[in-house]
There are 2 protein chains.
Amino acid sequence: MAKQVKREDIIRAAMDLIAAQGFHGAPMSMIAEKAGVGVGTIYRYFENRDVLIKSIYKEIEERLVAYLTKKYPSEEPVRICFFHIAKGLVTYFTQNPMDFKYFEQFHYSPFGEAHRRNRIFKSAGQPDIFMELYERGLAQQVIKNLPPTVFFNLTFAPIVWSLRDHILGMVAIDDSLAELLVTSCWDSVKI
Amino acid sequence: MAKQVKREDIIRAAMDLIAAQGFHGAPMSMIAEKAGVGVGTIYRYFENRDVLIKSIYKEIEERLVAYLTKKYPSEEPVRICFFHIAKGLVTYFTQNPMDFKYFEQFHYSPFGEAHRRNRIFKSAGQPDIFMELYERGLAQQVIKNLPPTVFFNLTFAPIVWSLRDHILGMVAIDDSLAELLVTSCWDSVKI
DNA sequence: ATATTCTGAATGAATGTTCATTCCTAATAC
DNA sequence: GTATTAGGAATGAACATTCATTCAGAATAT
């Protein structure tokens, strides 16, 4: 088996287990078994458990940021840009529920404490598209005068919570509900 | 020392430790030391660790529900009732940050999985004030036609996230910002 | 072409640590 | 003197990590 393949197997196994059962339900021995490798093998690819967990997070984050910034309509009005990001978030996580669950596990754990929330939108070296949106909105007086943190919370918290409910099967977010949800978030901050 | 006092000491110690460090940073030995009792003593008051953790949750929940339903203006319009609950939430958790942190730890843990979110507003035997609010709002056509879950998320998720940021010192929620925040949540669901 | 040596990836039993829980002894109350 | 409560050392289970050993295949020699 090619080297890269084995690394992928380990990442996949760990991600699925952690997403499904949390960090506790995923001891190294179980990850190894699910990946079809020996426990020791994992340590040939990742220095230790923490490094493995953080690597998985980084991979997911990269995929998500790539998805959101692809075709980002930076020249369009603030409202259009916001809808692009917000709906992109819904689409991406609806299609990749394991990524969502892993993110959530990671975020609410000692690992996640270190990560600042707004950094998610900052792909390495790129300008932060979220802060750009916020500042442009303020300057053009299309959004309320709120601290950036609160603006972020009003626009994204309901989406994240609803995605969670969708993935847990408590509510079905189809296209029309997604539209309604994102519009409502916008309604909360628009002037 | 009176029996009840010792029980309180244990609960207080466990709550503070868990709120500050998470479930991991609070082994039974540490709880015992902080409470000023022997490890074995804890097991005279609580069957095991899980029972202790759930008992603390229940105590906090009772205090919160009591606070929110006290002076609840059930005869007033939906909007007024919503503001009462939402601002009560902000006030309570601003004044009791440890309760908030404990709630958060609990909610994002294997324990919390079992608890359904909307049950928070259901004090034993009482009608669920949240569902009552939602149904009245729908009937009177003052709120958008959304599933209850999404309505809940739009109105409370930004508040919870902002409380978190406030308690972590990332933003200062004073009275005027609280007013703005709660109003914005209402704006997202009102017709 | 075949045999021999070398390399380093893969493995999982063994180790050390961290805890929840138990249980025997000491202290205290009645 | 007996019963109840407190204490904390001892126990055992769960886990992350290590490391001596195996072994397939590459390199080299014959």
Side-chain angles (χ1 to χ4, degrees), chain A residues 1-59 101-102 105-106 108-114, chain B residues 1-59 101-102 105-106 108-114:
Chain A
M1 200 184 319
K3 213 176 168 188
Q4 196 55 31
V5 172
K6 201 157 274 194
R7 197 190 126 99
E8 299 284 314
D9 286 351
I10 293 166
I11 287 210
R12 182 92 248 151
M15 205 187 105
D16 287 354
L17 279 171
I18 291 168
Q21 336 241 20
F23 290 110
H24 289 271
M28 297 300 263
S29 55
M30 205 184 285
I31 293 171
E33 190 177 9
K34 179 153 183 163
V37 303
V39 213
T41 308
I42 298 177
Y43 289 84
R44 296 200 56 78
Y45 292 89
F46 303 94
E47 199 184 329
N48 56 42
R49 193 170 200 263
D50 283 18
V51 168
L52 168 61
I53 287 170
K54 285 180 196 148
S55 301
I56 297 174
Y57 181 83
K58 282 203 201 91
E59 290 212 358
K101 295 191 101 182
Y102 189 91
Q105 294 285 351
F106 187 88
Y108 289 95
S109 78
F111 302 107
E113 296 299 305
Chain B
M1 201 182 319
K3 214 176 166 185
Q4 196 54 31
V5 173
K6 203 158 271 193
R7 198 190 126 98
E8 298 286 314
D9 285 352
I10 294 167
I11 287 211
R12 182 91 248 151
M15 205 188 105
D16 287 354
L17 279 172
I18 291 169
Q21 336 243 17
F23 290 110
H24 288 270
M28 296 300 262
S29 54
M30 207 183 285
I31 293 172
E33 189 177 10
K34 179 153 181 165
V37 303
V39 219
T41 307
I42 297 178
Y43 288 84
R44 294 201 57 77
Y45 292 89
F46 303 94
E47 200 185 329
N48 56 43
R49 192 171 202 262
D50 283 18
V51 169
L52 168 61
I53 287 170
K54 285 179 194 147
S55 301
I56 296 173
Y57 181 83
K58 281 203 201 90
E59 290 213 359
K101 295 191 101 182
Y102 189 91
Q105 293 286 350
F106 186 88
Y108 289 94
S109 78
F111 302 108
E113 297 299 305

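Note that this is a predicted model, so its numbers are computed, not measured. Lettering of chains follows the sequences in order, A, B, ..., and the numbering in each one begins at 1.
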- Task: Please state how far atom CD1 in Ile42(A) lies from atom C1' in dC15(D), giving the value in whole angstrom units.
- Result: 13 Å

- Message: In whole Å, I'd like the distance from the CG atom of Asn48(A) to the C1' atom of dT17(D).
- Response: 9 Å

- May I ask you to say what Arg44(A) touches in the nucleic acid, namely base, sugar-phosphate or nothing, with a heavy-atom cut-off under 4.0 Å? base

- Item | Nearest-angstrom distance from the residue atom CZ of Arg49(B) to C1' of dA20(C) | 8 Å

- Message: For a quick test of reading the model, state the closest non-hydrogen atom pair linking Ile10(B) to Ile42(B) and the distance between them.
- Response: CD1-CA, 4.0 Å

- Task: Consider the side chain of Met28(A), meaning its heavy atoms from C-beta on, and name the nucleotide among dA9(D), dT11(C), dA16(D) that approaches it most closely.
- Result: dA16(D)

- If you draw a 6.0 Å radius around CZ in Arg12(A), do more than 12 non-hydrogen atoms from other residues or ligands fall strictly inside? no

- Query: Looking only at heavy atoms, what is the nearest atom pair of Met15(A) and Tyr102(A), with distance?
  - Reply: CG-CD1, 3.8 Å

- Do the side-chain N or O atoms of Tyr43(B) get closer than 4.0 angstrom to the phosphate oxygens (OP1, OP2) of dG8(D)? no

- Value in whole Å for how far the P atom of dC19(C) lies from CD1 of Ile31(B): 11 Å

- Query: Rounded to the Å, how far apart are His24(B) NE2 and dA14(D) C1'?
  - Reply: 13 Å

- Spacing of Glu33(B) atom CD relative to dT18(C) atom P, expressed in whole Å: 15 Å

- Item | Value in whole Å for how far the C1' atom of dA9(C) lies from CZ of Arg7(A) | 16 Å

- If you count the non-hydrogen atoms of other residues, nucleotides and ligands that lie under 6.0 Å from CD in Gln21(B), is the total more than 12? yes

- Picking from dA9(D), dT17(D), dA20(C), the nucleotide nearest the side-chain atoms of Val39(B) would be dA9(D)

- Interatomic distance where CD1 belongs to Ile10(A) and P belongs to dT17(D) [whole Å]: 14 Å

- Nearest of dG8(D), dG7(D), dA10(C) to any side-chain atom of Lys6(B)? dG7(D)

